[in-house]
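Residue numbering restarts at 1 for every chain, and letters A, B, ... go by the order of the sequence lines.
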Amino acid sequence: MAQEMIQEFLQLRKAYIDQTLTRLNPMQRKAALTTQGPLLILAGAGSGKTTVLIQRIANLVLFGQAYTSDKIYGTVTQQAVDLLRQAVQTGKEPAGFEEIVAPMLSVGAVRPWNVLAITFTNKAAGELKSRLESRLGQAGQDVNASTFHSACVRILRRDAERLGFPKSFTIYDTDDQKRVMKDVYKELMVDDKFLPPRSAMSQIGRMKDQLISPKDAMASPADTKEGLIAKIYDLYSRKLKAAGAMDFDDLIYHTVCLLQDNPDVLEYYQQKFRYILVDEYQDTSIAQFHLVRMLASGHNNICVVGDDDQSIYRFRGATIENILNFEQHFPGAQVIRLEQNYRSTSHILDAANCVIKNNSGRKGKTLWTENGQGEKIQHYVAENEQDEAYHVAMTIGANLKQGAHLKDHAILYRMNAQSGPVETYFARAGIPYKIVGGQRFYDRKEIKDVLAYMAIVANPRDDLRLRRIINEPGRKIGGTTLDRMAEIAGGLGISMLEVCRHAADYPALARGAKAISGFVEIYDQLCRAHDTMPLDTFVTELLDITGYKAMLNADKEKGQDRLENIGQLISSVRTYADQKGPEASLAGFLEEVALISDIDSYDEESDVVVLMTMHAAKGLEFDYVFILGMEEGVFPSDMCRFSDEELEEERRLCYVGITRAKKRLYLSSSQSRMIFGRTQRNRPSRFLDEIDPGLMDEEMSPALQRQASRSWGSNRLFSDDSYPTNSRAGRSTLGSYGQGFGGGASRPQPTSGRTRPAAQQSAARPAGGAQAGRTMGFGGGFAAGSQRPAAAPAQAAASKGAAFQPGDTVDHKVFGRGKVLKVTPVAGDTIVEIQFDKVGVKKTMANYAPIQKVEE
DNA sequence: ACTAGCCACTTTTTT
DNA sequence: AGTGGCTAGT
């Protein structure tokens, strides 16, 4: 009898646990319930892997191994069985459940702080934590979730001294690295033509990713160049160590060294992290693999999630082999594939599959979905990048009319530089947007200066940062003095600041001694301020003590902007201090700044169009996705011309880009594009050719259609000579032209040059032709397609600006209705200030903004 | 020591 | 094309 009761309890317990996973499909469920031993989850794009990760952690914390175990902690009573049955049947926990049944539901439940989850970005870590918190309450916050880099910093902060680094070591960014490298080049008298510093830096980085020490590198140089790199690597490392600094790669490298050389430290972390999860495993490096394997070798509970088709960071040292060879690295590993996609329409998914199947060396999987076909993918052939930007804006406008929001739209591209034309267009048209990536806020000069001041207070050994600000504002401490100082410091093996303190003792510094002691005075003042004040007050005070504020106040041009930026920095210090409470520290803040990336601050709630690279878009999803620059030489990039491996990486990147889209995907290629200061004509990307034509509609820029009709006789523009592989574009152009011509509705439009002298036009506005084309396009679009662009551009521009008067009611495609407040003519255009009903006052450019006068 | 002007280089992607 | 770093001149 008792045995039957126990059996029933076990069955009910299993059912109950199952019930907590109701939203998972069978494969996802299996992944969430497989808690012991090595596990590889091959998760295709949009397969719900984040949900699985969360459910898996929740299952660990709430139930441990109860799902598969026959153990029961406590005595099974009829009451317990009844309560549990009731919970299973009703889906609700009855009174008494918590006290009587809950303790019997778990077998070896895992304490949340014994779980380590590694994510790719800080943002992903934050999201994981907050979703865990809503599932598990406080326990969710106790789970360790962070990036490799932040996890390593935390480990190193405890024990950096064992490696000969101060606990408050500085983290060097790329810019800092470059400066050190410059010194190294000077000291070793390396010719930077023979070996570009960038190349040396990246090769050194790759060595660190492979756990090759400077000694290893020096021991077996394959040729002179490698020998030289080894020497550079060695000196570079010594310099960083002397400065008490680590670069990004060092954070991983030194952590691995620390754990390898200190069994007690390793054991501590093996005990601490009993369950390890690694997301985006396809983008881990060799060093990261070793780190994971060392940590996991205690309990062997290692779960990695990834998609070999989404490996896009090889250039940064990621080795796709980690995921391909997981089963060899961790014997007995189970593998679970998640291939059902919940994100995209089947058209989009099929297109992604079309592209990626051209890669070799894949684990191989095919995503499928139960979502409908959806609309076809659109391929827009633009005349140039302005036309491309214009088309994006128009399409977004049309989507908004259908009820979509700005934030549902993402514009993706290969390189940050491609954001420019779109940005310009959006800014003028008043379309709200945000760029993710590009130059970071923290990369601004004034910010880096203030941070450098903060850094030398935290780490007096940081010579590099000292050099940055010792004469900023000017204190009559010049290059010669600094070089001598560096020499003395190097000779004595002490920091430059230490040399400054005794400047008078060194004859070489006699001339600058007074200025130097003035700086030391300032430095000591800073330290006192730091010791006695809250962090944000300290930074505010710092600006006064150092004279930095006075310097900016004196600068009429850029001073105010820069002070505003610094104001932002101070408020982020305040936010940090509020968040961390008594835990807040200067080093902690600097560390957060060093490791933060732009994507981390991306806020998906704010209703703006978002622009970013496809790399940055990894892990995100949007209803409407635009991928710009689908051209050979742009995407795939020119850099991978000679390497199949790199071409495959580009293709994976394309796969990532396509699979970001939920509802609609817009691809565009441009016939000509200004790139690196040159106008190029690229043929459409091979990735376009790889997509089944049945999945895609093609649309050609109106400007190109007109051109096509003009050159039809000579048949030059789309001859097979100029577009060898673009027969599809050629056909459809002719097709659409043919229709227009056949219907007699359209005649070749006059060129802009005919109605306005070409010389005058180009003098007034270099890209006048293209811009005029856009302006007209907008007009046509807003007149519901009834108007054909026909007027001369100069007139169109002038008349459009003049069409608005204060008091007019206008309709803006993005902001809706509004009243014109003010009209200000400017060179070639008109600023129209509008009070909108919903979004307040905005300024727009008449020629660019999607506005139309409304008769009342 | 500082400034102005010139040249060269940039850009593939980022923790 | 733009920026940043470097040189030469004051």
Worksheet item: Looking for any heavy atom pair under 4.0 Å, which part of the strands does A:K178 touch: base, sugar-phosphate only, or nothing?
Response: nothing
Practice prompt. Would you mind reading off the distance between A:M674 atom CE and C:dG2 atom P, rounded to a whole angstrom?
Written response: 8 Å
Discussion item. I'd like to know if A:R316 and A:D283 make a salt bridge, using a cut-off of under 4.0 Å between side-chain N and carboxylate O.
Written reply: no
Practice prompt. Describe the nucleic acid contact of A:R198 in one word from base, sugar-phosphate, nothing, applying a heavy-atom distance below 4.0 Å.
Written response: sugar-phosphate
Worksheet, complete the sentence: When A:E649 and A:K476 are each assigned the nearest nucleotide of DNA chain B, the 5'-most assignment goes to A:K476
Worksheet entry | Proximity to the side chain of A:F315 - top-ranked nucleotide from B:dC2, B:dT11, B:dT14 | B:dT14
Practice prompt. Round to the nearest Å and state the distance from A:R651 atom CZ to B:dT13 atom P.
Written response: 21 Å
Item to complete: For the side chain of A:T174, starting at C-beta, report the closest nucleotide among B:dT11, B:dT14, B:dT15.
Response: B:dT15
Discussion item. Can you measure A:D247 atom CG to B:dT14 atom P for me and round it to whole angstrom units?
Written reply: 18 Å
Worksheet item: Does A:N416 place a side-chain N or O at less than 4.0 Å from the phosphate oxygens OP1/OP2 of B:dT13?
Response: yes
Worksheet item: How long is the line joining CZ of A:R206 and P of B:dT14, in whole Å?
Response: 14 Å
Discussion item. Is there aromatic stacking of A:Y313 on B:dT13 here, judged by a ring-centre distance under 5.5 Å and a plane angle under 30°?
Written reply: no
Worksheet item: How close or far is atom P of B:dT13 from atom CD1 of A:I320, stated in whole angstroms?
Response: 21 Å
Response to the item:
In whole angstroms, the gap separating C1' of B:dA1 from CZ of A:R484 amounts to 14 Å
Discussion item. Please enumerate all residues that pass side-chain hydrogen bond (donor to acceptor under 3.5 Å, both in side chains) together with A:T613, with sequence neighbours excluded.
Written reply: none
Worksheet entry | Residue whose closest nucleotide on DNA chain B lies nearer the 5' end, A:L653 versus A:I477 | A:I477
Worksheet entry | From C:dG4, C:dC6, B:dT15, nucleotide with atom closest to A:K182 side chain | C:dC6
Worksheet item: Does a nitrogen or oxygen in the side chain of A:T613 sit under 4.0 Å from OP1 or OP2 of B:dT14?
Response: yes
Practice prompt. Check every strand shown and say whether A:N122 touches a base, only sugar-phosphate, or nothing at a heavy-atom separation below 4.0 Å.
Written response: nothing
Fill in: Side-chain donor/acceptor of A:D176 to backbone N/O of A:D173, under 3.5 Å
yes
Discussion item. I need the CD-P distance between A:Q177 and B:dT15, as an integer number of Å.
Written reply: 14 Å
Worksheet item: Residues two or more places apart in sequence or in another chain: which of them pass salt bridge (Lys or Arg N to Asp or Glu O under 4.0 Å) with A:K129?
Response: none
Fill in: Length of the line joining A:I312:CD1 and B:dT15:C1', which is rounded to integer Å
13 Å
Response to the item:
To the nearest 0.5 Å, atom NE2 of A:H615 lies from atom CD1 of A:I312 at 4.5 Å
Discussion item. Taking the minimum atom-to-atom distance to the side chain of A:M415, which one of B:dT15, B:dT11, C:dC6 wins?
Written reply: B:dT11
